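Since the structure is predicted, the reported quantities are computational estimates derived from the model, not experimental observations.
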Amino acid sequence: MIRTLLVANRGEIARRIFATCRALGVTTVAVHSDADADAPFVAEADLAVRLPGNTPAETYLRIDLVLDAARRAGADAVHPGYGFLAENADFAAAVTDAGLTWVGPPAKAIAAMGDKMAAKALLADAGVPMLPTWTDAAQVTGFPVLVKAAAGGGGRGMRVVRDAAGLAEAVAGARREAAAAFGDGTVFIERYVERGRHVEVQIFGDTHGTVVALGVRDCSIQRRHQKIVEEAPGVLPPEVRERLHEAAVAAGRAVDYVGAGTVEFLLAPDGEVHFLEMNTRLQVEHPVTEAVTGWDLVRLQLLVAEGEPLPLTATPPADGHAIEVRLCAEDPAQGFRPATGTLHRFAIPGVAGEFNPTKGLRLDSGVVDGSAVSVHYDSMLAKLVAWAPTRTEAARALAGALARAELHGVATNRDLLVRVLRSREFGAAEADTSFLERHEEVFAPLLAADQLPLVALAAALAGAAGRRAAAPVLAGLPSGWRNVPAFPQVTRFAGPDGEIEVRYRLDHTGTLADWSVSPAAASTTQDGSAPDVTVVEAAPDRVVLDVDGTRRAFRVHRVGAEVFVDGPDGAATLTELPRFPLPTAELAAGSLLAPLPGAVTRVHVEVGQRVAAGDLLLTLEAMKLEHPVLAPTDGVVAELPVPAGGQVDTGAVLAVVTEEDPR
């Protein structure tokens, strides 16, 4: 029987496993890097052991340090979570060799499925359908193709290639990214199926020879080949569902599988099913399966690891429908690059439960108010899952909760998720893996540009109310009142699309006499004038405006100069600008700045080289992804201040491109 469990992972998956352990009376052990010392998962563990350093290579990927932590904490079992060492056969073997219980599949099964090419050959012999695959780029026949990492998962290293000209660079880039993410740069190439759906089967095996399918999930909504929306059960014809179950169980039996695993498939438009890969671990999207089956998959993992037989021998019927979204720290204004910073507020309304199977809204989060989002790890902040009797109800509830969430301090992909859930194609269960490529409209922010003036006005009124509340004298005067009424209050903000200036004037009763926002393009009436607005309430944290007879409430949260406003039409972050700004140093014309902290992995040009707009200048690696830095215009490379291997902070100058050679 497992008494003390070490989780060799971090963030929300560590908290999720701890939740089940608490229910079962199992003592929990966390391991943590220095960057994670104050993280919620560390605080919730019964015991915690420091792994000195910050990067995964220094900490969570060190088998020797993790095993030493287990020894020091008196753990008798290890759960790998997902990512990091979860699919590392050497780690699984080292855990069992150390006399500890390994909560996962046997090392032999991990090794068999970890080499994706060997796995394809093995499972093809077991009758599992496959796509055409090549290991040598020179042998590829026909395009498009997909370059994939042979080790690891999560979309790392994937590249779609549509013609022979781009294949060599795609293979090289995939190798670099795979080597950085998994320590193995081996890649292979397989046929890319247009308009395919990504579906997967959750399987479970025990040490008594039972392998059972727990249903099909649809994970077709993806960006950069990483899933962002998942659901169960997948909307499929019964005969396709049965074929998927049979193929997945055959894959599990072929490797004598034990524990939780996922067999992933590509469903072509013609209904044909093709094996993609088998993930020998618990998946990020396992909560949707838990929601519709009622089974706690972590509990089943622990029971199987203890040698108990599975308490089920057949696929359970699905109860209702569940949809999960991955809420990530990503900046839409920067092409959804990973974002860092301090999460000043993380509040999602209507959550019924956390980390365990829940009817209604479930939150599995790795962060809380005040959490720091660093550059060292994956950008996922949380998973939000909605269960409802029908798919339509689940999508509507999930979109509504996301839209009303207060997510302050770090840019996220929230608006994108809401628009996907509310789209016609998703609602009709017609989405495929190219959904985001075909629907640019879902990338638009929820807050329309013509609503920004009201948001800015609310921010200005809340700021004035806050200053009035803190005033040591004349506190009885209405906020914003002046003894020279002809002169307006003026507040300037840095907004999503540039500077915004709010001008408003209150009369002696505190009533809004007139107001305006520039630029004028932000007006909200057809004749170009500002709408008729009455201030119903103006407090430091809440402003209610009557706009042409309709009341609109805005929640306002201020941290320093940053003002976070959540309203009925969306959210915006504004930065109040000082009345008398200090002079700052000017950057050289043509400077390209680092969008986030990271390391320059390769420099592709040299000083003095002439480049064209769109040419690749250098590659920045951050948060497990490669970010190409491209020339913004035709010109000459004037400066390259950071060499390959150099570390940079946000805003650092990476390159300078000028019209003429400065030499």
Side-chain angles (χ1 to χ4, degrees), residues 1-2 5 7 12-13 15-26 77 79-82 86 103-105 199-219 230-234 236 241-242 244-245 248-249 251-253 257-264 278-324 352-364 383-389 391 394:
M1 177 180 291
I2 296 173
L5 178 74
V7 177
E12 58 85 22
I13 184 55
R15 297 182 77 191
R16 192 273 166 263
I17 297 167
F18 292 164
T20 292
C21 287
R22 284 193 296 271
L24 297 177
V26 175
H79 192 305
Y82 40 65
V103 184
V199 294
E200 60 188 34
V201 180
Q202 175 73 61
I203 65 168
F204 235 101
D206 63 20
T207 56
H208 303 273
T210 299
V211 178
V212 62
L214 298 186
V216 180
R217 298 186 288 251
D218 191 319
C219 308
E230 302 107 347
E231 61 180 299
L236 300 167
R241 187 186 311 279
E242 188 60 31
L244 289 167
H245 287 173
V249 170
R253 287 177 175 158
Y257 200 78
V258 175
T262 301
V263 188
E264 304 196 357
M278 182 174 178
N279 290 301
T280 51
R281 55 175 167 81
L282 196 66
Q283 289 279 87
V284 176
E285 56 271 22
H286 76 273
V288 292
T289 297
E290 293 184 324
V292 298
T293 64
W295 288 101
D296 180 332
L297 299 192
V298 174
R299 175 175 172 269
L300 292 182
Q301 284 186 297
L302 298 177
L303 292 176
V304 166
E306 293 174 333
E308 296 291 328
L310 277 172
L312 70 167
T313 57
T315 302
D319 174 23
H321 203 94
I323 305 175
E324 171 184 298
E354 297 182 279
F355 303 113
N356 281 310
T358 302
K359 298 297 186 185
L361 200 63
R362 166 178 168 175
L363 176 65
D364 284 18
K383 303 176 307 194
L384 191 62
V385 187
W387 176 94
R391 184 176 185 271

Using only atom types and a distance under 3.5 Å, with no angle test, would you say the side chain of Asp218 pairs donor to acceptor with the backbone of Val199?
no
Result of checking Glu230, Gln202, Arg16 against His286 for side-chain hydrogen bond (donor to acceptor under 3.5 Å, both in side chains):
Arg16
I need the minimum non-hydrogen distance between Val288 and Ile323, along with the two atoms involved.
CG1-C, 3.9 Å
Mind checking whether Val298 and Phe355 have side chains closer than 4.5 Å, heavy atoms only?
no
Is the shortest heavy-atom distance from the side chain of Asp319 to the side chain of Lys359 under 4.5 Å?
yes
Atom pair CG/CG of Leu384 and Leu361 - distance to nearest 0.5 Å
4.5 Å
Less than 4.5 Å apart, any side-chain heavy atom of Leu302 and any of Leu5?
yes
Trace of the side-chain contact (heavy atoms from CB on, under 4.5 Å) decision for Thr210 with Phe204
CA-CA 8 Å; Thr210 299; Phe204 235 101; over 6 Å; no
Dump the intermediate steps for side-chain contact (heavy atoms from CB on, under 4.5 Å) on Ile17 and Gln301, then the final yes or no.
CA-CA 10 Å; Ile17 297 167; Gln301 284 186 297; 5.8 Å; no
In this structure, CZ of Arg15 is separated from OG1 of Thr20 (nearest 0.5 Å) by 13.5 Å
Shortest non-hydrogen separation from Asp206 to Val258 and the atoms involved:
O-CG2, 3.7 Å
Minimum-distance pair of heavy atoms, taken over all atoms of Ala352 and Thr358
CB-CG2, 3.7 Å
For the residue pair Trp295 and Leu312, what are the closest heavy atoms and their distance?
NE1-CD1, 3.9 Å
Does a side-chain heavy-atom distance below 4.5 Å link Met278 with Ile203?
yes
Is it the case that over 12 heavy atoms from other parts of the model lie below 6.0 angstrom from the CZ atom of Arg299?
no
Output for pair (Leu282 CG, Leu300 CG), nearest 0.5 Å, gives 10.0 Å
Could you tell me the separation between the CZ atom of Phe18 and the CD1 atom of Ile13, rounded to the nearest 0.5 Å?
10.0 Å
For Trp387 and Val292, which heavy atoms make the closest approach, and how far apart are they?
CD1-CG1, 4.3 Å
Using a strict cut-off of less than 4.0 Å between a Lys/Arg side-chain nitrogen and an Asp/Glu carboxylate oxygen, indicate whether Arg217 and Glu324 qualify as a salt bridge.
no
Note, His321 side chain near Pro389 side chain (heavy atom, < 4.5 Å):
no
If you compare all heavy atoms of Ala232 against all heavy atoms of Thr289, which two are closest, and at what distance to 0.1 Å?
CB-N, 4.3 Å
Can you tell me how far CG of Asp364 sits from NZ of Lys383, rounded to the nearest 0.5 angstrom?
5.0 Å
State whether a side-chain donor-acceptor pair under 3.5 Å links Gln283 with Arg281.
yes
Rounded to the nearest 0.5 angstrom, the CG-CG distance for Leu236 and Leu244 is 6.5 Å
Result for side chain to side chain contact (heavy atoms under 4.5 Å, CB included) between His245 and one of Val263, Leu214, Thr315 points to Thr315
Apply side-chain contact (heavy atoms from CB on, under 4.5 Å) to residues Ile2 and Val103 and explain how you reach the verdict.
CA-CA 10 Å; Ile2 296 173; Val103 184; 4.1 Å; yes
Check whether His79 reaches the backbone of Gly104 with its side chain - one donor and one acceptor, N or O, closer than 3.5 Å.
no
